[in-house]
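Residue numbers start at 1 and run along the sequence shown.
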Amino acid sequence: MRQISTKQRKTALFVICMILVATLTLIGRLVYLMILHSEEYAVRAQELHERERSIKAARGIIYDRNGVVLADNKPVCTVSVIHSQITDPERVISVLCDVLGLPEETVRKRVEKVSSIERIKANVEKETADYLRSFELDGVMVDEDYKRYYPYGTLASRVIGFTGGDNQGIIGLEVKYDSMLEGIPGKILTLTTAHGTEIPNAAENRAEPIAGNSLTISLDVNIQRYAEQAALKVLEAKNAKHVSMILMNPQNGEIYAMVNVPEFDLNDPYTLNAEYEAKVAGREISSEEKNTLLNQMWRNPCISDTYEPGSTFKIVTATAAFEKGVVSLTDRFYCPGYKTVEDRTIHCHKVGGHGSETFVDGIKNSCNPVFMEIGARVGTEGFYEIFDRLGLLRKTGIDLPGEASSIMHKAENVKAVELATISFGQSFQITPLQLLSAVSTVINGGNQITPHFGIYARNTEENTVKTYSYEGTTGIVSKKTCETMKSLLEAVVHDGTGKRAYLPGFRIGGKTATSEKLPRSSNQYISSFLGFAPAENPQVIALVLIDEPEGIYYGGTIAAPVIAEVFDEVLPYLGIEPVYSEDEKKLDGVGTFPVPDLIGMTKDEAAKLLKAYEFDAIYYSGEGDVITEQFPEAAEEVKKNTGLILYMK
């Protein structure tokens, strides 16, 4: 028997040691994987064998103050492909292109892409999705989804806003309350092999989505409709650029309506509306230019655009004068038709002047020289103190994105000329909402309010999850000043420049304005009227702005009747019934008649014809003899004892 050499023993020992080391290493590795890190690797294995698809949550519904649905959800589907499961790629591409109406290049790129899942198209109508399912294409997944739907289309479009393809808010209340409305997405989990192929007969795991909370807002569909109809009427009649209007409760800041016509379609927000379509005049535009126009179209002028308020701002000037004790109702002034301040001659709207008048006459006549005089009495420091108290130096805090700030002179830069122009609403800019908020404080007893839409949010079980509250400061303006201002502004409507806002049976206060746009040489104007009712205890305040009207552009002539028309519908709707005075009963002012067509007639010819009509008064504007324009316009139905304005060539 051959004896084993020492060398062979060493070799055998080495091999045995190596085997022991390898065995121990493997055992150690198994201990590491199966005991020490078992949970971690179990999760990783699960992730490898599970494919996750998201299920969108239904977005919360937006309701108006009466429970009318303003924003809802429409069932749609999302079509996706799983590359590893596709058995006939050419058929898949052909069917998807045909059914979904997509270009082949786009579909092929996504079908052939090696990824766990690739979305082909979202927001597919349910009928189309059901038809696609009938083809039973391997690797094509059709999942339930939701698409935002707006039952009223264009109604309050810049207020409500809209969502993108991922159901996230883009503008308006949809983006402001996005976290409250969006909900929590669900998941679909399917088991696959390591190669990504779905395991047959393996059960799916579903994590159901949680729907978003509903939101109830202060906007009233009916009031919004009344306001939009009146705004569209004057927009078309005056061929204006656009018309904005806000109606609000001055006691608590709840906004009933916010109008910007022309509006756009919330169900088709990427199509330009009539105003912006006219700007491109049918020509081809680049995607960059279209995006610019879309962003302009989505902008809300009521809160995002500033303007010179003009004579409506005389409400603030008068308030400052009473608060500072520098004017009384019986103070007398003289208006020759202009006032010279340093080296400037600043005119009144009445070229011949108003002559001698009291302060009451001055506000009823909207006389610039009177307000320049009391502006000088108030002084820069007094003005800016009142501006700050009324919130004109800061944003209102409305619950909409994109609110602009006022553009004011620095107090140290205000000299005599600037002080004079500020007093009648020129040489600075504020937003329409800032003006409405400031005047609300003046007429509600001196209490600061925050304009807002949000009232409360509820979950799917109809439980209130949040009630929105808005802080305010009381005693901003004295009660005495508030009562005086309400009385003066009622007089403006009763027998001043705002008389075309008068409604028999209702006590209405207000102020007219005609603001000349910059540059002054452009001869373009914003006609506006701010009104509230009932004058003794205001429950609604409204502001209308008519941007660049053609022809007659005076606020008292074309803007005041718009608010009268809206109030005629809204006040009874809010439960405010007319109470006719004895004089109003005698006048029988509730009857109506059509206005005759006087264009082209001479003054004498018109006078003969008008003897048969029950106009309260006839006003002539201009020095010519031939009538070129009239207001109200021909065939318009007006109430008895309405005033008629004739513009002469």
Test log, rule side-chain hydrogen bond (donor to acceptor under 3.5 Å, both in side chains), inputs D361 and T358: CA-CA 5 Å; D361 297 325; T358 65; 3.1 Å; yes
Flag if over 12 foreign heavy atoms under 6.0 Å of [atom1], [X]:
| X | atom1 | answer |
| --- | --- | --- |
| F506 | CZ | yes |
| H409 | NE2 | yes |
| Y338 | OH | no |
| E381 | CD | no |
| E412 | CD | yes |

Chi angles and distances behind the side-chain hydrogen bond (donor to acceptor under 3.5 Å, both in side chains) call for K314, N368: CA-CA 9 Å; K314 290 172 182 174; N368 283 352; 2.8 Å; yes
Closest non-hydrogen atom pair, [X] against [Y]:
| X | Y | result |
| --- | --- | --- |
| F529 | G498 | CE1-CA, 4.2 Å |
| S356 | R332 | OG-NH2, 3.1 Å |
| P369 | C348 | CD-CB, 3.6 Å |
| S405 | Q434 | C-OE1, 4.3 Å |
| G509 | V493 | C-CG2, 3.6 Å |
| S157 | I171 | O-CD1, 4.4 Å |

Among side-chain atoms of [X] and [Y], is any donor-acceptor pair under 3.5 angstrom?
| X | Y | value |
| --- | --- | --- |
| D331 | S328 | yes |
| S366 | K511 | yes |
| E323 | T481 | yes |
| E403 | T431 | no |
| E263 | T154 | no |
| N447 | T474 | no |
| Y573 | D220 | yes |

Side-chain touch [X]/[Y], heavy atoms, less than 4.5 angstrom:
| X | Y | result |
| --- | --- | --- |
| E254 | M248 | no |
| M297 | L294 | yes |
| T317 | V378 | no |
| I170 | V175 | no |
| K395 | I303 | no |
| M408 | F387 | yes |
| L173 | V159 | yes |
| K603 | I627 | no |

Using only atom types and a distance under 3.5 Å, with no angle test, would you say the side chain of [X] pairs donor to acceptor with the backbone of [Y]?
| X | Y | answer |
| --- | --- | --- |
| T557 | Y553 | no |
| S304 | A404 | no |
| S487 | E483 | no |
| Q539 | N537 | yes |
| S406 | L392 | yes |
| E289 | N291 | no |
| Y307 | L545 | no |
| R500 | V562 | no |
| N239 | E550 | no |
| H349 | N365 | yes |

Rounded to the nearest 0.5 Å, what's the gap from [atom1] on [X] to [atom2] on [Y]? Could you check?
| X | Y | atom1 | atom2 | answer |
| --- | --- | --- | --- | --- |
| N295 | Y276 | CG | OH | 10.0 Å |
| Q448 | T441 | CD | OG1 | 6.0 Å |
| I541 | Q251 | CD1 | CD | 10.0 Å |
| I374 | S423 | CD1 | OG | 7.5 Å |
| L435 | I315 | CG | CD1 | 6.5 Å |

Ring geometry between F333 and F359 (parallel below 30°, tilted from 30 to 60°, perpendicular above 60°):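 It falls in the tilted class, 30° to 60°.
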Ring geometry between F162 and F264 (parallel below 30°, tilted from 30 to 60°, perpendicular above 60°):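 Perpendicular: the ring planes of F264 and F162 meet at over 60°.
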Test salt bridge (charged side-chain N to carboxylate O under 4.0 Å, His left out) applied to K486 and E490, step by step: CA-CA 6 Å; K486 286 191 292 184; E490 185 179 8; over 6 Å; no
Chi angles and distances behind the side chain to side chain contact (heavy atoms under 4.5 Å, CB included) call for K364, K499: CA-CA 10 Å; K364 288 196 294 185; K499 63 178 63 177; over 6 Å; no
Pair L329-L488, side chain to side chain contact (heavy atoms under 4.5 Å, CB included): steps then yes or no: CA-CA 9 Å; L329 298 179; L488 287 172; 3.9 Å; yes
Centroid-centroid distance, F313 to F428, less than 6.0 Å: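 Yes - the distance between ring centres of F313 and F428 falls below the 6.0 Å cut-off.
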Centroid-centroid distance, Y468 to Y177, less than 6.0 Å: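 That pair passes the under 6.0 Å test.
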Side chain to side chain contact (heavy atoms under 4.5 Å, CB included) assessment of F453 paired with M258: CA-CA 10 Å; F453 287 98; M258 184 175 282; 4.1 Å; yes
CA sep, side-chain torsions, deciding dist, call: V544, V243, side chain to side chain contact (heavy atoms under 4.5 Å, CB included): CA-CA 7 Å; V544 61; V243 177; 3.9 Å; yes
Test log, rule salt bridge (charged side-chain N to carboxylate O under 4.0 Å, His left out), inputs E308 and R520: CA-CA 12 Å; E308 290 186 336; R520 306 293 181 201; 2.8 Å; yes
Identified side-chain hydrogen bond (donor to acceptor under 3.5 Å, both in side chains) partner of D547 from the options Q524, K238, K517: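 The single option meeting the side-chain hydrogen bond (donor to acceptor under 3.5 Å, both in side chains) with D547 is K517.
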